[in-house]
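Notes to accompany the following structure.
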Amino acid sequence: MAKKKKVVRREWTKTDIRDLKAHSKARTPVVKIAKMTKRTEGALRQKAIVLGIGLGHQR
């Protein structure tokens, strides 16, 4: 049987949210934001939906 990976959840700080909004405005690719913040793309997209902002490029 495969071992289950322990889920580690980190709270979003005011600084994290400010940075996410700045990256949204600058249209930074989600992959880059994920590497810088050490969060998954899914976590970033979910937070963006909650905040009502777009991430990455819009077609």
Side-chain angles (χ1 to χ4, degrees):
M1 260 196 201
K3 273 189 168 181
K4 279 194 173 182
K5 195 172 183 181
K6 187 170 180 346
V7 178
V8 178
R9 295 176 191 250
R10 288 187 325 186
E11 292 292 320
W12 285 86
T13 63
K14 288 181 181 180
T15 310
D16 292 337
I17 294 170
R18 189 177 337 116
D19 291 344
L20 186 61
K21 287 182 179 180
H23 286 296
S24 171
K25 202 167 197 175
R27 299 269 190 231
T28 309
V30 180
V31 177
K32 276 189 175 180
I33 302 170
K35 286 180 183 175
M36 287 187 297
T37 60
K38 295 182 180 159
R39 294 183 186 268
T40 64
E41 290 178 42
L44 294 170
R45 290 186 192 283
Q46 284 296 315
K47 192 61 176 179
I49 289 169
V50 169
L51 295 173
I53 58 175
L55 277 185
H57 63 82
Q58 310 296 350
R59 293 187 185 192

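Every heavy atom of this structure was used, including side-chain atoms; hydrogens, water molecules and symmetry mates were not.
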- Is there any side chain to side chain donor-acceptor pair (under 3.5 Å) pair reaching into residues 10-19, and which pairs are they, with sequence neighbours excluded?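 Non-adjacent pairs meeting side chain to side chain donor-acceptor pair (under 3.5 Å): Thr13-Asp16, Asp16-Arg39.
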- Distance (rounded to the nearest 0.5 Å) between Arg45 CZ and Thr40 OG1: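 Taking CZ in Arg45 and OG1 in Thr40, the distance rounds to 10.0 Å.
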- Spatial distance of atom NZ (Lys38) from atom CD1 (Ile33) [nearest 0.5 Å]: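 Rounded to the nearest 0.5 Å, the NZ-CD1 separation comes to 16.0 Å.
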- So, for Val30 and Leu44, which heavy atoms are closest and what is the spacing to 0.1 Å?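 The pair with the smallest heavy-atom distance is O-CD1, 4.0 Å.
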- Item | Co-membership, hydrophobic cluster, residues Met36 and Leu55, 4.5 Å side-chain |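 Result: no, two separate clusters.
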- Query: Considering residues at least two apart in sequence or located in another chain, which fulfil the side chain to side chain contact (heavy atoms under 4.5 Å, CB included) criterion with Gln46?
  - Reply: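 Scan of Gln46 (side chain to side chain contact (heavy atoms under 4.5 Å, CB included), adjacent residues dropped) gives Ile49.
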- Message: Given 3.5 Å as the limit, does a donor-acceptor pair link the side chain of Ser24 with the main chain of Ile53, or not?
- Response: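 No; zero donor-acceptor contacts below 3.5 Å.
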